[in-house]
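Quick caveat, the model's predicted, so the values are computed rather than measured.
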2 protein chains.
Amino acid sequence: MSTVRKAIELLNWFSADRSQISLAEFQRLTGRDKATTYRYLTALEETGLLEKDPVTRVYRMGPAVLRLAHVRESTVPRRAGVRLVLPRLAEATGELAHASILQGHSLVALTDHASTRHSARVVLDEPELPLHATGSGLAVLAYADPALLKVTLKNLKRYTDHTQTTRNELESALETVREIGFGIVDQGYEENVFGIGVPLFDSSDRVAGSVAVASVATRIDANAIALTKCELIKAARQITHSWGGSVPDDLDQIWSDTLSSLSNEFNFHREATA
Amino acid sequence: MSTVRKAIELLNWFSADRSQISLAEFQRLTGRDKATTYRYLTALEETGLLEKDPVTRVYRMGPAVLRLAHVRESTVPRRAGVRLVLPRLAEATGELAHASILQGHSLVALTDHASTRHSARVVLDEPELPLHATGSGLAVLAYADPALLKVTLKNLKRYTDHTQTTRNELESALETVREIGFGIVDQGYEENVFGIGVPLFDSSDRVAGSVAVASVATRIDANAIALTKCELIKAARQITHSWGGSVPDDLDQIWSDTLSSLSNEFNFHREATA
DNA sequence: CAACGAGGGTTCAAATAATGAAACAATATT
DNA sequence: AATATTGTTTCATTATTTGAACCCTCGTTG
């Protein structure tokens with residue numbers, strides 16, 4: 001592996017949880033030589049990708065990454081496409097709508113939008129969403145390269161009592177996703193949060209992210225799920241379109257079927273209560 | 001210079017204006033060998049810092065930078081410190097308040113009062129502010145490393161009839177900034193916009209950004225300027241503090257003097273009109 | 001359509017930069 | 001004050017980088 005790559009991969013040790021790392025800690029994490037690690041870190045610091053606290057000498061993410069992210073967003077404006085859709089999705093469902101993008105092996109929250117309707121809302125703090133334990137994650141896994149599943153299987157962390165942590169459970173869940181066109185996870189990541197997610201596609205027609213609705217689990221019922229599904233389909237189609245991608249034919253067909261059957265049912269309910 | 005650094009510095013060629021760069025173009029830009037450049041780019045691509053269009057083979061900023069920016073923001077929440085202050089500043093002055101951070105040789109907008117509400121996450125959508133043509137820019141230049149001035153002098157773009165585009169004009173303007181503690185630019189960047197900016201400092205006690213108020217030029221008078229100055233000083237002190245920095249003694253003294261003399265004048269006016 | 005040019009990608013010996021053990025320095029910790 | 005831990009520099013050895021040259025593909029041109 002190239003020196004450049006080895007050095008840059010040090011950045012991957014940082015996360016919201018582990019946001020400050022010292023030289024000694026890097027040594028332990030990577031198992032590499034101290035002097036080498038030191039020089040890598042120095043190089044990263046010189047470029048502004050990292051920043052060293054002058055007092056404690058721990059390293060943290062540097063200011064340069066903000067500029068790079070700015071350029072990225074101006075080049076590939078994912079956010080812009082999402083921002084038009086999320087508020088509507090949140091309002092229509094009355095729940096928290098959020099979108100994430102797939103980066104390498106992790107799903108990273110892009111933006112979220114809470115509805116104004118309910119005061120007891122679901123709040124997302126975590127930037128990374130576990131692929132095996134969220135509706136977004138399942139939706140992505142089901143349509144992504146099988147290699148991603150392989151990597152994911154290596155670490156099926158348990159978040160709640162409902163988290164599915166075995167290979168079999170996950171594989172059958174993905175089978176279901178492919179059948180119904182949605183990733184649904186009931187309290188698998190956070191207690192009392194019910195999530196429904198759908199995949200998003202970019203111009204390469206591969207999975208590029210997901211959009212999802214997170215509801216308070218006690219508030220959800222068949223009607224709410226039906227509504228959420230309809231809105232999610234609309235949102236996913238729109239975002240995928242704005243990203244220059246297109247929904248795979250098989251999935252698009254499933255969604256169309258879902259829409260027509262659900263809209264019947266939904267109209268029926270509305271007429272019955274009217 | 002280390003290989004790592006040389007490779008990473010390729011990222012600096014990207015900007016909002018030049019967001020896609022081919023291998024051949026890199027070769028011309030850097031004057032370096034093709035094979036070497038190719039390997040650098042490949043390494044950057046492997047880490048996700050860059051992304052190569054599979055069809056055209058041009059390189060663009062990769063998705064990994066979004067994750068890094070997210071970590072950066074969760075580690076050093078510049079926005080958080082700014083968000084507490086900007087709305088108050090905007091309300092007190094009745095004008096547009098905005099903050100920017102210095103990244104390398106450019107000043108990038110962080111947030112402004114109008115757009116803070118839903119862009120809660122990481123990425124910046126606002127363009128770069130020219131250092132020589134805005135109140136923010138002058139404020140930063142006056143207190144930044146002289147090297148920054150050197151770089152800035154290389155490209156004094158004209159934006160309006162009022163833009164100062166000569167070395168002498170700029171240098172004397174900076175002299176003024178250091179005397180009065182404010183960067184003031186009357187329609188130097190946009191027609192009919194009057195800007196007043198002050199520098200912000202981070203934990204290394206170097207200039208890290210600026211906060212400024214942009215007013216409609218026809219609406220500004222001595223009173224409004226006095227008010228804006230008072231509010232800017234308060235805001236800058238607070239943000240600098242929240243960033244772990246401190247205002248340099250000489251500047252802090254100037255600001256204190258300004259505050260006391262202006263508050264006198266301002267009280268006088270209020271009493272006169274009351 | 002053959003020749004040409006431009007750009008992307010690969011090869012290989014020579015040159016150079018990376019490596020890691022060890023020494024040293026500066027802080028924490030006991 | 002003694003000791004342990006962490007950060008930084010040195011230097012001979014080693015492995016990686018380097019760049020000229022070459023190949024391949026594609027689009028253009030005489």
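- At D/dT5, none of the side-chain N or O atoms of A/Arg28 fall inside 4.0 Å of OP1 or OP2 (strictly under the cut-off).
- Counting heavy-atom neighbours within 6.0 Å of A/Arg158 CZ, excluding the residue itself, gives a total above 12.
- When the C1' atom of C/dA26 is taken as reference, atom CG of A/Leu23 falls 14 Å away, rounded to whole Å.
- The distance between atom CD of B/Gln27 and atom P of C/dG5, rounded to the nearest whole Å, is 17 Å.
- Across the protein-nucleic acid pair, A/Asp33 atom CG and D/dT9 atom P stand 15 Å apart, rounded to whole Å.
- When rounded to the nearest whole Å, the span between CZ of B/Phe26 and P of C/dG7 equals 15 Å.
- Under 4.0 Å is where a charged nitrogen must lie from a carboxylate oxygen, and between A/Asp145 and A/Arg206 no such pair does.
- Going from atom OH of A/Tyr59 over to atom P of D/dT6 covers 14 Å, rounded to whole Å.
- As judged by a 4.0 angstrom heavy-atom cut-off over every strand, B/Ala24 is placed among residues touching the sugar-phosphate backbone only.
- The residues B/Glu9 and B/Lys6 are annotated as not salt-bridged, no charged nitrogen and carboxylate oxygen being separated by less than 4.0 angstrom.
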Exercise. Checking side chain to side chain donor-acceptor pair (under 3.5 Å) for the pair B/Gln253/B/Asp257: CA distance, chi angles, key distance, verdict?
Worked result: CA-CA 6 Å; B/Gln253 189 57 52; B/Asp257 294 344; 3.2 Å; yes
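- Contact check, A/Tyr38 against D/dG7: no side-chain N or O comes under 4.0 Å of OP1 or OP2.
- Between A/Leu44 atom CG and C/dA18 atom P the separation is 13 Å, expressed in whole Å.
- By the 4.0 Å N-to-carboxylate-O rule, B/Asp250 lies too far from B/Arg178 to be salt-bridged with it.
- If A/Val55 and B/Ala35 are placed on DNA chain C by their nearest nucleotide, the residue sitting closer to the 5' end is B/Ala35.
- Between A/Arg57 and D/dT6, a side-chain N or O to OP1/OP2 separation shorter than 4.0 Å is absent.
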Can you pull every protein N or O that's under 3.5 Å from an N or O on nucleotides 15-17 of chain D?
unit_1: D/dT16; atom_1: O3'; unit_2: A/Thr3; atom_2: OG1; d: 3.3
unit_1: D/dT17; atom_1: OP1; unit_2: A/Thr3; atom_2: N; d: 2.7
unit_1: D/dT17; atom_1: OP1; unit_2: A/Thr3; atom_2: OG1; d: 2.8

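- Whole-Å rounding puts the A/Gln20 CD to D/dG7 P distance at 13 Å.
- With A/Val140 as the fixed residue, the side chain to side chain contact (heavy atoms under 4.5 Å, CB included) test singles out one of A/Thr134, A/Val207, A/Thr152: A/Val207.
- The residue B/Arg5 sits apart from the nucleic acid: no heavy atom pair falls under 4.0 Å.
- In this structure, A/Arg78 satisfies the cation-pi test against A/Trp243, with its NZ or CZ atom closer than 6.0 Å to the six-membered ring centre and inside 45 degrees of the ring normal.
- Where A/Thr56 and B/Lys34 meet DNA chain D, the nucleotide closest to each residue was compared, and A/Thr56 sits on the side nearer the 5' end.
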